[in-house]
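Everything on this sheet refers to the single structure shown next.
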Amino acid sequence: MAELGNRPTPPDVDRVAASRAAIAARRARAAVKATIASGDVSSLTVLDRSSEEPEGIEGRLRVTEFLLSVPAIGTTKMHEALERLAISPAKRLGGLGKHQRVRLREYLVDREAANHGRRPNRLVVLAGPTAVGKGSVAGYIRENYPDVLLSVSATTRSPRPGEVDGVNYFFVDDAEFDRMIGAGELLEWATVHNASRYGTPRRPIEQALEAGRSVLLEIDLQGARSVRAAMPEARLIFLLPPTWEELVRRLIGRGTEDSAEQQRRLETAKVELAAQDEFDYRVVNSDVADAAREVVDLMKIRTAPSRS
Ligand SMILES: Nc1nc2c(ncn2[C@@H]2O[C@H](COP(=O)(O)OP(=O)(O)O)[C@@H](O)[C@H]2O)c(=O)[nH]1
Ligand SMILES: Nc1ncnc2c1ncn2[C@@H]1O[C@H](COP(=O)(O)OP(=O)(O)O)[C@@H](O)[C@H]1O
C-alpha cells in the first residue's frame with residue numbers, strides 16, 4: 001500500500017494556521033491602507049476606529065504604515081511628523097497614548113484643512129484656578145489679537161464694575177438661562193463656585209469654526225471637560241499662577257469677593273490645580289502679555305507638544 005506520506009503533525013497544522021492568519025491580517029491591513037489612499041475611508045475614521053478597537057485591524061496598523069497610507073505623506077514627511085508629534089515609529093495606532101492620539105488627530109485635521117484651502121482652525125479652551133488671570137489674559141487677547149474670536153459666555157452672576165453686557169458676558173436671569181439649556185443653545189454649562197451658572201452659546205462657535213476661524217473659550221474646569229468629551233480635537237490650555245502665594249495675592253488684591261467667598265474660591269482653586277494633567281498644554285501667567293502670546297501661539301498650528 002502506498003505510503004500515505006508524512007501526515008501533518010499538530011505543530012505543522014498550527015504553523016499553517018498561524019501563517020494563514022498572518023497572511024489574512026496582512027491583507028486586511030493592506031485593504032485599510034488602500035481605502036485611506038483612495039479616499040474611500042478618511043484617515044480620521046481609521047484613527048478613531050483604532051481607539052475603539054485597539055486590537056482590531058486599524059488598531060494593529062503601525063503609525064508609520066498608517067501615515068504612509070495618507071495621500072501626499074511620504075517617508076520624509078512621515079518621520080518629520082512623528083518627530084514633531086513625539087510618537088515612536090514602533091507604535092501601533094491601538095497603542096497610542098491619549099495626548100499622542102489628540103496630537104495625531106489635530107495633525108490630520110490640519111492637513112485636511114490645508115488640502116482643501118481652509119485655514120486650520122482650532123477650538124481652544126483656557127481654564128485655570130480663579131484669579132489666576134484668565135479674564136486678564138483673555139481680555140488682553142481681545143484687545144491685541146483681533147483675529148482670535150473670544151467666546152462670550154452667558155452667566156446668571158451680576159456684572160462687576162467695568163464689565164459690559166455682551167462683551168464680558170451675556171448677563172441673564174435664571175429663567176433665560178434655563179430656556180437656553182432647554183433649547184440646546186449651550187455647548188456646555190456649569191454652576192461655578194457653587195453659585196452662579198455660566199454657559200457657552202453654541203451657535204457662534206459653530207459659525208466661527210465653519211468660517212475657518214479659531215475660537216478661544218475661557219471657561220472653568222467642568223466646562224473644559226465637557227468640551228473635551230464633545231470635541232476631542234479641541235486644545236485645552238491650563239493657566240497657572242507663578243506660585244500659590246501669588247494666586248492668593250491676586251484673588252485678595254482683586255477685591256471682588258468678601259473674605260468668605262475668597263476662602264471658598266481658594267478651596268475650589270486647589271481642586272482645579274490638581275486637575276491640570278487633564279490639559280494638553282500649560283501656560284504660566286507671570287506677565288499677562290507673555291501669557292497671551294503663548295496662548296495665541298498655541299491657537300495657531302504648532303504641534304510641538306509641551307507634554308511627553
Ligand atoms: N463652564 C463654564 N465656565 C465659565 C464660562 N464662562 C466663565 N466661566 C468660568 O466661571 C468662573 C467664574 O468666572 P468669573 O465669575 O468671571 O470670576 P473668576 O472666577 O474670578 O474668574 C471662571 O472659572 C470662568 O472661567 C462658561 O461659559 N462655561
Ligand atoms: N500676570 C499678572 N500679574 C499680576 N497680576 C495679575 C496678572 N494677571 C492677572 N492679574 C490680576 O489678578 C487678579 C485676577 O485676575 P482675573 O483676570 O480676574 O483672574 P480670573 O479671570 O482667572 O479669575 C486681577 O486683579 C488681575 O488684575
Side-chain angles (χ1 to χ4, degrees), residues 123-143 149-172 177 180-181 185-205 215-231 234 236-258 261-273 275-276 278-279 283-295:
L123 181 64
V124 175
V125 171
L126 179 65
T130 186
V132 69
K134 296 181 299 302
S136 300
V137 169
Y140 185 93
I141 290 173
R142 185 188 302 115
E143 299 302 316
L149 181 75
L150 268 153
S151 167
V152 179
S153 298
T155 183
T156 58
R157 85 157 164 74
S158 40
R160 288 180 185 144
E163 287 184 329
V164 178
D165 184 31
V167 174
N168 302 87
Y169 286 101
F170 294 111
F171 295 101
V172 301
F177 202 90
M180 295 175 86
I181 294 173
E185 291 178 12
L186 298 178
L187 176 69
E188 59 74 34
W189 67 274
T191 300
V192 188
H193 305 312
N194 307 318
S196 308
R197 288 184 294 176
Y198 299 78
T200 301
R202 178 194 305 276
R203 196 69 202 112
I205 308 292
V215 187
L216 181 63
L217 306 187
E218 186 248 293
I219 60 179
D220 87 317
L221 177 62
Q222 304 162 88
R225 286 172 173 155
S226 305
V227 171
R228 164 72 90 212
M231 305 177 82
L236 271 52
I237 301 174
F238 197 88
L239 197 62
L240 284 163
T243 62
W244 171 258
E245 292 69 24
E246 172 63 10
L247 183 67
V248 175
R249 194 193 66 74
R250 290 179 187 176
L251 178 58
I252 293 169
R254 183 171 70 182
T256 47
E257 286 81 25
D258 61 29
E261 174 63 14
Q262 282 171 359
Q263 281 319 306
R264 190 165 53 204
R265 286 192 173 218
L266 286 173
E267 285 315 305
T268 311
K270 284 181 190 145
V271 172
E272 289 172 328
L273 281 167
Q276 57 185 276
E278 296 173 35
F279 285 65
V283 171
V284 177
N285 174 21
S286 299
D287 170 83
V288 173
D290 292 348
R293 187 168 38 253
E294 272 198 70
V295 169

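Both ligands and their constituent atoms are indexed starting at 1 by order of listing. What you see is a predicted model; the values in this text were computed from it and never measured.
Looking only at protein heavy atoms, the nearest one to atom 14 (C) of ligand 2 is Ala131 O, 3.5 Å. Closest protein heavy atom to atom 17 (O) of ligand 1: Arg160 NH2, 3.0 Å. The protein non-hydrogen atom at the shortest distance from atom 23 (O) of ligand 1 is Lys134 CE, 3.6 Å. For atom 25 (O) of ligand 1, the closest heavy atom belonging to the protein is Glu218 OE2, 2.9 Å. Nearest protein heavy-atom contact of atom 6 (N) of ligand 1 is Ser153 OG, 3.0 Å. Of the protein's heavy atoms, Arg254 CB, 3.6 Å lies nearest to atom 25 (O) of ligand 2. For atom 21 (O) of ligand 2, the closest heavy atom belonging to the protein is Gly135 N, 2.8 Å. At the top of the distance list for atom 11 (C) of ligand 1, counting protein heavy atoms only, stands Val192 CG1, 3.5 Å. Summary of contacts: the protein heavy atom closest to atom 27 (O) of ligand 2 is Ser136 OG, 4.0 Å. If you check which protein heavy atom lies closest to atom 9 (C) of ligand 1, you get Asp220 N, 3.7 Å. Shortest contact from atom 28 (N) of ligand 1 to any protein heavy atom: Glu188 OE2, 2.7 Å. The nearest heavy-atom contact from the protein to atom 19 (O) of ligand 2 is Gly133 N, 3.1 Å. Scanning the protein for heavy atoms near atom 10 (N) of ligand 2, the closest one is Arg250 CD, 3.9 Å. For atom 8 (N) of ligand 2, the nearest protein heavy atom (residue, atom name, distance) is Asn285 ND2, 3.0 Å.
Between Arg250 and Arg254, the closest side-chain pair of non-hydrogen atoms is not below 4.5 Å.
Annotation: Glu246 places no N or O atom under 3.5 Å from an N or O atom of ligand 2; distance criterion only. Between Gly128 and ligand 1, a contact under 3.5 Å exists for no N or O pair. An N or O contact shorter than 3.5 Å is missing between Gly253 and ligand 2 by distance. Considering both main-chain and side-chain atoms, Glu163 never comes within under 3.5 Å of ligand 1 through any nitrogen or oxygen pair.
At distances below 3.5 Å, at least one donor-acceptor pair connects side-chain atoms of Asn285 with backbone N or O atoms of Val132. A side-chain donor-acceptor contact under 3.5 Å links Lys134 to the backbone of Gly128. Not one N or O on the side chain of Ser153 forms a donor-acceptor pair closer than 3.5 Å with the backbone of Thr200. At distances below 3.5 Å, at least one donor-acceptor pair connects side-chain atoms of Gln276 with backbone N or O atoms of Leu273. No side-chain donor-acceptor contact under 3.5 Å links Glu185 to the backbone of Arg203. Between the side chain of Ser226 and the backbone N or O of Gln222 there is at least one donor-acceptor pair closer than 3.5 Å.
Within the 4.0 Å heavy-atom criterion, neither part of Gln222 lies near ligand 1. If you look at Ala138 next to ligand 2, there are no close heavy atoms at all, none under 4.0 Å.
Note: Arg142 CZ to Leu150 CG = 5.5 Å, rounded to the nearest 0.5 Å.
Side-chain N/O atoms of Arg265 and Thr130 include a donor and acceptor closer than 3.5 Å.
Put simply, no part of Glu272 is less than 4.0 Å from ligand 1, judged by heavy atoms. Distances from ligand 1 to the non-hydrogen atoms of Arg265 include at least one value under 4.0 Å. Proximity of Pro129 to ligand 2 is established by a heavy-atom distance of less than 4.0 Å. Heavy atoms of Gly135 stay at 4.0 angstrom or farther from ligand 1.
Closest heavy-atom approach to atom 8 (N) of ligand 1 within the set Leu251, Thr200, Val227, Ile219: this belongs to Ile219. Closest to atom 5 (C) of ligand 1 by heavy atom, among Trp189, Tyr198, Phe170, Tyr169, is Tyr198.
Close approach of ligand 1 to Thr130 is summarised as follows: ligand atoms under 4.0 Å from at least one heavy atom of the residue are 18 (P), 19 (O), 20 (O). When each atom of ligand 2 is checked for a heavy atom of Ser286 under 4.0 Å away, the hits are 1 (N), 2 (C), 3 (N). Annotation for ligand 1: atoms under 4.0 Å from non-hydrogen atoms of Arg254 are 18 (P), 20 (O).
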